[in-house]
2 protein chains.
Amino acid sequence: MTDGSLRQELLGLQANNPAVDRLVEEIIGRVADKWTMLLIEILTEQECCRFGELARACTGISQKMLTQTLRAMERDGLVTRKVYAVVPPKVEYRLTDLGLGLSKAFCGVWLWAEGNLEMIEQARRSYAERQAAEGTSA
Amino acid sequence: MTDGSLRQELLGLQANNPAVDRLVEEIIGRVADKWTMLLIEILTEQECCRFGELARACTGISQKMLTQTLRAMERDGLVTRKVYAVVPPKVEYRLTDLGLGLSKAFCGVWLWAEGNLEMIEQARRSYAERQAAEGTSA
DNA sequence: ACCCACACTCTCTTTTTGGTAAGTATAAAT
DNA sequence: ATTTATACTTACCAAAAAGAGAGTGTGGGT
């Protein structure tokens, strides 16, 4: 248990291929940002959304970021974008199977965060205390 | 299957408490960045690392970002920081149980990314093609 | 004739992020 | 006396990200 066996065991896949690793890191960096995760969650809860619905559901997002994030997700094959040739315009977004798979994968992280909220907050408090203590003694 | 049952089923926890949701989002935003994920991976592979070892293992990171990320991780209770009062200085970092839990949670995302690399790259190619096609016709 | 939807797009400005490089402390080695 | 090693910290600067807000196209309602 002192070596890399845990990750290997958990991953159970190819031995560290540096090229694959780099790609994986790039994809995770791309995909693991706040808005992407939020949009995935929203689209998991309600599978078909229009642009405006997403804007309302995704509190605090700007139009710009919404468009940008959705485009990136479309590019990566996480969502489909269906444009209706009507006026006023109508566009529907929904997760692809790929996107749904990512949603499930993220679920573990959500669970962890939900389950450990208290511990994290406590860690922060005690860190702050330690800092304060150092401040007074130093 | 048309409503939010999937997430509820997968999460199986409290009904959407907005305050909790916001905290969870904040924590995920904090924790799901490139360097944090990389450091967690490194510290999962080798449970005890000195600052310099991390710097070497985490290719491309600057001292500044390394210190910054490690401090944030310490603050959130993901790593412990053990300082030896020697000269030259010696500091050892290792994951806490909380950090190890997050490592496992991230594992699902790594697996997803590794397992779907090909699909993502293909999605990107076909998106690029569609863009190019629109460019010529429009 | 005019305004409203809706889903953007564009420009401009502010904020945040991250890199570089230099500085710090100190004991041991040369 | 000078250098070396280590783990930082600080100051400065460039680049990238994100927000605000106005503009766009068009068919239908008034």
Side-chain angles (χ1 to χ4, degrees), chain A residues 25-26 28-39 42-43 46 48-76 79-94 127 130-131 134-135 137-138, chain B residues 22 25-39 42-43 46 48-76 79-94 127 130-131 134-135 137-138:
Chain A
E25 277 162 30
E26 183 254 332
I28 287 177
R30 219 329 333 278
V31 124
D33 78 302
K34 187 186 170 187
W35 298 131
T36 304
M37 291 189 72
L38 256 177
L39 287 173
I42 292 165
L43 285 165
Q46 184 179 334
C48 178
C49 289
R50 298 184 58 175
F51 184 86
E53 293 181 278
L54 291 172
R56 262 167 272 127
C58 207
T59 325
I61 199 171
S62 63
Q63 277 197 339
K64 182 182 162 185
M65 285 311 295
L66 182 53
T67 315
Q68 213 172 91
T69 309
L70 284 170
R71 284 291 189 290
M73 290 172 76
E74 192 196 351
R75 185 174 102 91
D76 289 340
V79 296
T80 54
R81 179 164 176 274
K82 186 169 182 185
V83 183
Y84 293 86
V86 297
V87 63
K90 177 178 177 182
V91 181
E92 283 178 357
Y93 294 91
R94 64 183 74 207
Y127 182 84
R130 263 176 290 153
Q131 289 303 99
E134 280 180 31
S137 68
Chain B
R22 246 176 291 120
E25 277 160 31
E26 184 254 332
I27 287 165
I28 287 178
R30 220 323 341 275
V31 123
D33 78 302
K34 185 184 171 187
W35 297 131
T36 304
M37 292 190 71
L38 255 175
L39 286 173
I42 292 165
L43 284 165
Q46 184 180 335
C48 178
C49 289
R50 298 184 58 178
F51 184 87
E53 293 181 277
L54 291 173
R56 263 167 270 123
C58 207
T59 328
I61 200 171
S62 64
Q63 276 197 339
K64 183 182 162 185
M65 285 310 295
L66 182 53
T67 315
Q68 215 172 89
T69 308
L70 285 170
R71 283 292 188 289
M73 290 172 77
E74 192 197 353
R75 185 174 102 92
D76 290 340
V79 296
T80 55
R81 178 162 176 276
K82 186 169 185 183
V83 183
Y84 294 85
V86 297
V87 62
K90 177 178 176 181
V91 181
E92 281 177 357
Y93 294 91
R94 63 182 77 206
Y127 182 83
R130 263 176 290 152
Q131 288 304 97
E134 279 180 33
S137 68

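Chain letters run A, B, ... following the sequence lines, proteins first and then strands; every chain starts at 1.
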A:Glu26 meets the salt bridge (Lys or Arg N to Asp or Glu O under 4.0 Å) criterion, sequence neighbours left out, with B:Arg124
5'-most to 3'-most nt of DNA chain D touching chain B (<4.0 Å, heavy-atom partner on protein side) reads D:dA5 to D:dT9
Between its two end axes (five pairs each) the helix from C:dA1-D:dT30 to C:dT30-D:dA1 turns, nearest 10 degrees, through 30°
Sorted by chain and number, sequence neighbours left out, side chain to side chain donor-acceptor pair (under 3.5 Å) with B:Arg75 holds for none
Interatomic distance, CD1@A:Ile42 vs CZ@A:Arg56, rounded to 0.5 Å, equals 11.5 Å
B/S/- along nucleotides 4-11 of chain C (protein heavy atoms under 4.0 Å) is -BBSBB--
note: B:Asp33, atom CG; C:dT17, atom C1'; distance rounded to Å ~ 11 Å
Contacts of B:Arg94 meeting side-chain contact (heavy atoms from CB on, under 4.5 Å) (sequence neighbours excluded), chain-then-number -> B:Glu47, B:Cys48, B:Thr80, B:Glu92
Rounded to the nearest 0.5 angstrom, the CG-CG distance for B:Leu38 and B:Leu43 is 10.5 Å
Sequence neighbours excluded, the answer for side chain to side chain donor-acceptor pair (under 3.5 Å) partners of B:Arg81 is B:Tyr93
Applying salt bridge (Lys or Arg N to Asp or Glu O under 4.0 Å) to A:Arg30 and not counting sequence neighbours gives A:Asp76
Would you mind writing out the side-chain donor-acceptor pairs for residues 57-74 of chain A within the sub-3.5 Å range, not counting sequence neighbours?
unit_1  : atom_1 : unit_2  : atom_2 : d
A:Ser62 : OG     : A:Met65 : N      : 3.3
A:Thr67 : OG1    : A:Gln63 : O      : 2.8
A:Thr69 : OG1    : A:Met65 : O      : 2.6

